[in-house]
Structures are given as structure tokens and as C-alpha cells.
Amino acid sequence: ILKNKKNDINLVSCSNIISLKRIYLIVEGLSYLSKNLTTKYNIKWLHIGDGIEKESMEKFARQKLKNISYSFLGRLSNKDVLNFYKKNEIYLFLHTSSAEGLPVAMMEAQSFGIPIVTTNVGGISEIVNKKTGILLSNNPKINEITRAIEKMINLSEEEYQKYQKNCYNNWKKNFNAEKNYLEFIKEIKK
């Protein structure tokens with residue numbers, strides 16, 4: 001959990017780079033954000049994942065992201081993703097998929113107290129709510145994405161830390177596998 005808000009803001013996304021995931025919406029949103037952000041921060045976007053659209057998405061990011069640094073980290077093992085979250089201060093998790101089930105990637109982010117900006121599709125609303133991030137419409141416009149990111153970036157430290165605590169507590173209560181397995185076993189034994 002971040003102790004102090006810094007000028008360096010690390011944003012992360014984690015998914016396959018395929019059309020269903022609409023990574024281009026993140027790029028477009030960040031591009032627009034970099035042109036219109038009233039408060040100056042050093043924003044870096046990191047994408048974890050790989051897929052058939054990786055080359056075209058890297059090219060698109062080169063064209064669009066002039067004032068935001070970014071890196072496509074490729075596919076990482078689950079263990080490496082968790083280590084990445086442990087070693088890096090991630091301010092916000094971004095997700096713009098057009099369809100989802102109940103994304104483990106979001107559960108993992110919340111386990112590190114990382115708030116989420118995401119589309120409201122599939123089972124995502126079971127993970128993200130107004131206390132743990134921002135639910136976008138299922139087919140958001142670029143300015144909706146940009147406003148949501150900007151809102152989160154401009155939170156006071158106290159407001160942001162509430163989101164962090166809510167994320168961690170939501171994960172701990174609802175998605176902590178160790179806790180849930182023990183409760184499931186207790187139920188079965190009854």
C-alpha cells in the first residue's frame with residue numbers, strides 16, 4: 001500500500017493483447033489524459049500480457065503516447081505478476097475488456113490494495129464497486145476513461161488510501177483463496 005502520493009504514477013493493465021480486451025481504449029484514454037491533465041505527474045503505463053495484437057498495439061502506443069512512458073512487459077507467470085506488484089508501487093489497475101467472467105487479475109491487484117478502473121461487463125461488478133474503484137460503462141467513450149483515471153489521480157492521499165484499504169478488505173473478505181477454501185471445507189464437514 002502506497003504511503004505517500006508521489007509525482008510518479010504507475011498504472012498497470014494485465015490481460016491478453018487481443019481485440020476482446022480493447023487495449024487500444026487504454027492507449028487512447030492515456031493519450032487524451034496526457035494532453036489534458038491539469039496536474040502534472042510522471043505517468044507510466046505498464047502492460048502485463050501478450051497476444052496476437054501485441055505488435056500492432058506497441059505501434060499504436062508509439063504513435064499515441066508522447067507524454068506518457070509505457071512498457072509492454074509480456075506474459076508473466078502468476079508468481080511473477082505477484083512479485084511485480086510486491087516490488088512496484090502501482091497506483092491504479094486499468095481494464096477495458098468488452099467481456100469478462102470473474103477476472104483473477106483484478107483479484108490479484110486488489111490483494112495489493114490497488115484500485116481499479118474497469119468496464120462494467122460480466123462479473124466485474126462483483127469485484128469492483130464505488131469503494132474499490134470506478135466502473136465504466138460497458139462500451140466507454142475515451143473521455144469517460146480519461147475522466148475516471150484523472151479522478152483517481154487527483155484524489156487526496158486520505159481518499160486514495162481509503163480506496164486502497166477497501167480494495168484489500170474486499171479481496172480478503174471475498175476472494176482470498178486460503179480463507180475461502182477453509183470456509184468451504186468447514187461447510188462440507190457440517
Side-chain angles (χ1 to χ4, degrees), residues 8-37 40-112 114-125 127-128 132-153 167:
D8 294 330
I9 303 287
N10 291 321
L11 310 174
V12 73
S13 52
C14 181
S15 70
N16 289 321
I17 305 175
I18 57 175
S19 59
L20 175 82
K21 300 301 182 177
R22 300 187 303 192
I23 307 297
Y24 70 92
L25 287 174
I26 295 173
V27 175
E28 290 277 13
L30 292 175
S31 174
Y32 190 77
L33 177 74
S34 72
K35 296 173 191 167
N36 298 291
L37 191 62
K40 294 295 176 197
Y41 294 105
N42 298 319
I43 297 174
K44 182 172 188 176
W45 169 52
L46 304 151
H47 182 80
I48 300 167
D50 206 347
I52 59 173
E53 294 184 357
K54 184 178 181 190
E55 273 186 44
S56 62
M57 200 52 56
E58 287 176 330
K59 181 180 179 185
F60 188 60
R62 278 193 302 276
Q63 293 169 348
K64 291 292 208 175
L65 299 178
K66 303 298 183 191
N67 300 321
I68 291 180
S69 61
Y70 62 92
S71 182
F72 287 85
L73 304 177
R75 188 172 311 279
L76 299 178
S77 70
N78 180 262
K79 181 180 176 183
D80 288 339
V81 170
L82 298 178
N83 283 332
F84 174 80
Y85 290 149
K86 197 178 295 182
K87 292 177 182 176
N88 294 279
E89 288 191 350
I90 304 300
Y91 192 81
L92 196 58
F93 184 96
L94 306 173
H95 193 76
T96 52
S97 186
S98 62
E100 276 301 337
L102 195 61
V104 172
M106 289 185 197
M107 295 176 205
E108 292 169 342
Q110 280 192 346
S111 75
F112 286 88
I114 302 170
I116 299 169
V117 170
T118 182
T119 48
N120 188 6
V121 296
I124 288 177
S125 63
I127 301 171
V128 180
T132 61
I134 296 176
L135 283 171
L136 305 167
S137 64
N138 63 349
N139 193 22
K141 303 284 185 231
I142 301 306
N143 64 349
E144 183 185 355
I145 297 166
T146 302
R147 280 195 315 268
I149 296 169
E150 189 167 17
K151 177 185 176 185
M152 294 302 291
I153 287 174
C167 285

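- Summarising the geometry of Pro140 relative to Arg22, their closest heavy-atom pair is CD-NH2, 3.8 Å, with the distance given to 0.1 Å.
- Ile52 is listed as a side-chain neighbour of Ile18, based on a closest heavy-atom distance under 4.5 Å.
- Using bins of under 30°, 30° to 60° and over 60° for the plane-to-plane angle, the ring pair His47/Phe72 lands in the tilted bin.
- Remark: Ile43 CD1 to Ile9 CD1 distance equals 7.0 Å, nearest 0.5 Å.
- Across all their heavy atoms, Ala105 and Cys14 have their closest contact at CB-O, 3.9 Å.
- Side-chain atoms of Tyr32 never come within 3.5 Å of backbone atoms of Ile145 as a donor-acceptor pair (strictly under, hydrogens ignored).
- The distance from the CG atom of Leu82 to the CZ atom of Phe112 is 5.0 Å, given to the nearest 0.5 Å.
- Atom NZ of Lys86 has 12 or fewer heavy atoms from other residues, nucleotides or ligands within 6.0 Å.
- When side chains are defined from C-beta on, Cys167 does not count as touching Ile116, because their heavy atoms never get closer than 4.5 Å.
- Between Ser137 and Glu144 the shortest heavy-atom distance is N-OE2, 2.7 Å.
- A donor-acceptor contact shorter than 3.5 Å is absent between the side chain of Ser125 and the backbone of Asn120.
- With a 4.5 Å cut-off on side-chain heavy atoms, Val27 and Leu65 count as touching.
- Judged purely by atom type and a 3.5 angstrom limit, Ser71 has no side-chain atom pairing as donor or acceptor with the backbone of Leu46.
- Checked by atom type and distance alone, the side chain of Asn10 pairs as donor or acceptor with a backbone atom of Glu89 at under 3.5 Å.
- Ile26 and Leu94 get closest at one heavy-atom pair: CG2-CD1, 3.9 Å.
- Taking every heavy atom of both residues into account, Leu30 and Ile149 meet most closely at CD2-CD1, 4.0 Å.
- Looking at heavy atoms from C-beta onward, Arg147 lies out of side-chain contact with Ile134 at the 4.5 angstrom threshold.
- Between the Thr146 side chain and the Gly29 main chain, a donor and an acceptor come within less than 3.5 Å of each other.
- Not one N or O on the side chain of Arg75 forms a donor-acceptor pair closer than 3.5 Å with the backbone of Gly49.
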Criterion side chain to side chain contact (heavy atoms under 4.5 Å, CB included) on Ile23 and Phe60, from CA distance to verdict: CA-CA 10 Å; Ile23 307 297; Phe60 188 60; over 6 Å; no
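- In this structure a side-chain-to-backbone donor-acceptor pair under 3.5 Å is present from Tyr70 to Arg62.
- The minimum heavy-atom distance linking Gly123 with Leu102 is given by the pair O-CD1, 3.3 Å.
- Not one N or O on the side chain of Glu108 forms a donor-acceptor pair closer than 3.5 Å with the backbone of Val81.
- In this structure, OG in Ser56 is found 8.5 Å from CD1 in Ile17, a value given to the nearest 0.5 Å.
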Evaluation steps, side chain to side chain contact (heavy atoms under 4.5 Å, CB included), between Ile127 and Thr132: CA-CA 8 Å; Ile127 301 171; Thr132 61; over 6 Å; no
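- Within the 4.5 Å cutoff, the side chain of Asn139 has no heavy atoms near those of the Ser98 side chain.
- Side-chain atoms of Ser34 never come within 3.5 Å of backbone atoms of Ile68 as a donor-acceptor pair (strictly under, hydrogens ignored).
- Lys64 is linked by a salt bridge (Lys or Arg N to Asp or Glu O under 4.0 Å) to Glu28, counting only residues two or more places apart in sequence or in another chain.
- Residues Val128 and His95 form no side-chain contact, since every pair of their non-hydrogen atoms from C-beta on lies 4.5 Å or further apart.
- Comment: Lys21 engages Glu100 in a salt bridge, judged by a side-chain N to carboxylate O separation of less than 4.0 angstrom.
- In this structure the side chain of Thr118 never reaches within 4.5 angstrom of the side chain of Phe93, judged on heavy atoms.
- The shortest side-chain heavy-atom distance between Ile114 and Tyr85 falls under the 4.5 Å cut-off.
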